[in-house]
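Read the structure below first, then the notes.
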Amino acid sequence: MAGTAGVSVLVDVFADMAWPPCYMAKKQLDLAMRRTREKQPNGVAFKVRWHGYMVDRKVSKKGESREKYCKKHFDGADTFPFAFIDKNEAKLAGALFQKWDHWPNTLQAHRLMLLAQQLGKGDETAELLYKMTYEDGLNISSADVLVQAAQQLALPDFVRDYLASGEGYLEVEAAHENAKASNINVPNLPVVLLGNGNFKLEGIQPASAYEKAIATCLVQGFVERIR
């Protein structure tokens, strides 16, 4: 496509690390962005902004056993989330669900995401927190696990003090309430807005759907110029 040099596509993602479809959708979105970069000889950038939404705010602050949680709220750990996520498609996207042991309370994780975004590492932090939850069997409700994530991401040493403080709580709560006010809720999570909100994709979408929306953003000029 012509005229894509020096442009960036704005991507707003409303998601929760505790909700498996968000993990699957992130993998598909990542694939779509990677394919777009490969097809653009002049290059195209993406500015990804993460907006926190807590699927279940009543989860224990320490998180819960995934097996017990799924038995209580769904048909069981063996059927959820694969009743509506194709295992083969998930595997191809890189969402293997190799070791998913916990259903986390994600309040602290969203606070870490908030800080990471301010430091320019939001997307990397989201990737690692999803991996920790679904592939590594770690409980991201734990401050120790979040500090471990911060260390892997080379975030500042004050992360533990930040998590122990009250900083970021109001912003995370506001993000959740703003999402609800915009009719973003569990059935349609995640919600991905592309090109300054000109395109809205809900739930698990194939990479091709994201890729098509991105291509339309580039053609119609729903982009930001990089200076």
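Values below: all heavy atoms of this structure, side chains included; hydrogens, waters and symmetry mates excluded. The shown structure was predicted, so the numbers you read here are calculated from the model rather than taken from an experiment.
For Y23 and E135, the side-chain atoms include at least one donor-acceptor pair closer than 3.5 Å. Inspection of the S141 and N105 side chains reveals no N or O donor paired with an N or O acceptor under 3.5 Å. Residues S142 and D144 have side chains that never bring a donor and an acceptor to within less than 3.5 angstrom of each other.
Of all non-hydrogen atoms in L29 and V11, the two that sit nearest each other are CD2-CG1, 4.0 Å. Taking all atoms of both residues into account, the shortest heavy-atom contact from Y162 to G168 is OH-CA, 4.0 Å. In this structure, A213 and L201 approach most closely via the heavy-atom pair CB-CD1, 4.0 Å. The shortest heavy-atom contact between P190 and A25 is CG-CB, 3.4 Å. When all heavy atoms of Y69 and V59 are compared, the closest pair comes out as CE1-CG2, 3.8 Å.
To the nearest 0.5 angstrom, L155 atom CG is 5.5 Å from K121 atom NZ. In this structure, CZ in R35 is found 14.5 Å from CD in Q40, a value given to the nearest 0.5 Å. From E67, atom CD reaches atom NZ of K71 across 4.0 Å, with rounding to the nearest 0.5 Å. With rounding to the nearest 0.5 Å, the separation of NZ in K68 from OG in S60 is 11.5 Å. Note that CG of N183 is 7.0 Å distant from CG of N185, once rounded to the nearest 0.5 Å. To the nearest 0.5 Å, atom CG of residue L194 and atom CZ of residue F222 are 11.5 Å apart.
Q220 places none of its side-chain heavy atoms less than 4.5 Å from the side chain of N198. Two residues are said to be in side-chain contact when any heavy atoms from C-beta on lie closer than 4.5 Å; H110 and Y53 fail this criterion. Taking the side chain as every heavy atom from C-beta outward, L193 and F199 never approach each other to under 4.5 Å. A 4.5 Å side-chain heavy-atom check between F97 and P20 finds at least one atom pair inside the cut-off. Between V172 and L107 the shortest side-chain heavy-atom distance falls below 4.5 Å. A 4.5 Å side-chain heavy-atom check between W19 and D56 finds every atom pair outside the cut-off. Counting only heavy atoms from C-beta outward, the side chains of M17 and M132 never approach each other to under 4.5 Å. Side-chain contact between L189 and P21 is absent, with no heavy atoms from C-beta onward closer than 4.5 Å.
Checking side-chain atoms of Q117 against main-chain N and O of W50 turns up a donor-acceptor pair under 3.5 Å. Of the possible polar contacts, none joining the R66 side chain to the W103 backbone as a donor-acceptor pair under 3.5 Å is found. Side-chain atoms of D16 come within 3.5 Å of backbone atoms of V55 as a donor-acceptor pair (strictly under, hydrogens ignored).
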With side-chain contact (heavy atoms from CB on, under 4.5 Å) as the test, would you mind laying out the steps for L129 and L146 before giving the verdict? CA-CA 8 Å; L129 294 179; L146 294 178; 3.8 Å; yes
Report the C-alpha distance between V9 and M33 in whole Å, list the side-chain angles of each, state the deciding distance to 0.1 Å, and finish with yes or no for side-chain contact (heavy atoms from CB on, under 4.5 Å). CA-CA 10 Å; V9 178; M33 291 190 294; over 6 Å; no
Using the rule given for side-chain contact (heavy atoms from CB on, under 4.5 Å), can you reason through T133 versus L138, listing the C-alpha separation, both sets of side-chain angles and the distance that settles it, and then say yes or no? CA-CA 5 Å; T133 301; L138 296 175; over 6 Å; no
Given side-chain contact (heavy atoms from CB on, under 4.5 Å), test L115 with V159 step by step and report yes or no. CA-CA 9 Å; L115 176 64; V159 166; 4.0 Å; yes
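Taking the six-membered ring where the residue is Trp, Y130 and Y134 present parallel rings, their angle staying beneath 30° rather than reaching 60°.
With respect to the salt-bridge test (charged N to carboxylate O, under 4.0 angstrom), the residues K26 and D30 qualify. Under a 4.0 Å N-O distance rule, the pair K131/D136 qualifies as a salt bridge. Ion pairing between a basic and an acidic side chain is recognised when a charged N comes within 4.0 Å of a carboxylate O; E167 and R111 show no such pairing. In this structure, E202 pairs ionically with K200, as a charged nitrogen and a carboxylate oxygen lie closer than 4.0 Å. Using a 4.0 Å cut-off between a side-chain N of Lys or Arg and a carboxylate O of Asp or Glu, R34 and E211 do not qualify as a salt bridge. Using a cut-off of 4.0 Å between Lys/Arg side-chain N and Asp/Glu carboxylate O, R49 and D12 are scored as salt-bridged.
Linking Ile, Leu, Val, Met, Phe, Trp and Tyr whenever their side-chain heavy atoms come within less than 4.5 Å leaves I204 and L31 in two separate clusters. Follow the hydrophobic side-chain contacts under 4.5 Å out from L92 and you never reach L96; the two are in separate clusters. By the criterion of side-chain heavy atoms lying less than 4.5 angstrom apart, applied directly or through intervening Ile, Leu, Val, Met, Phe, Trp or Tyr residues, V219 is not grouped with L10; the two fall into different hydrophobic clusters.
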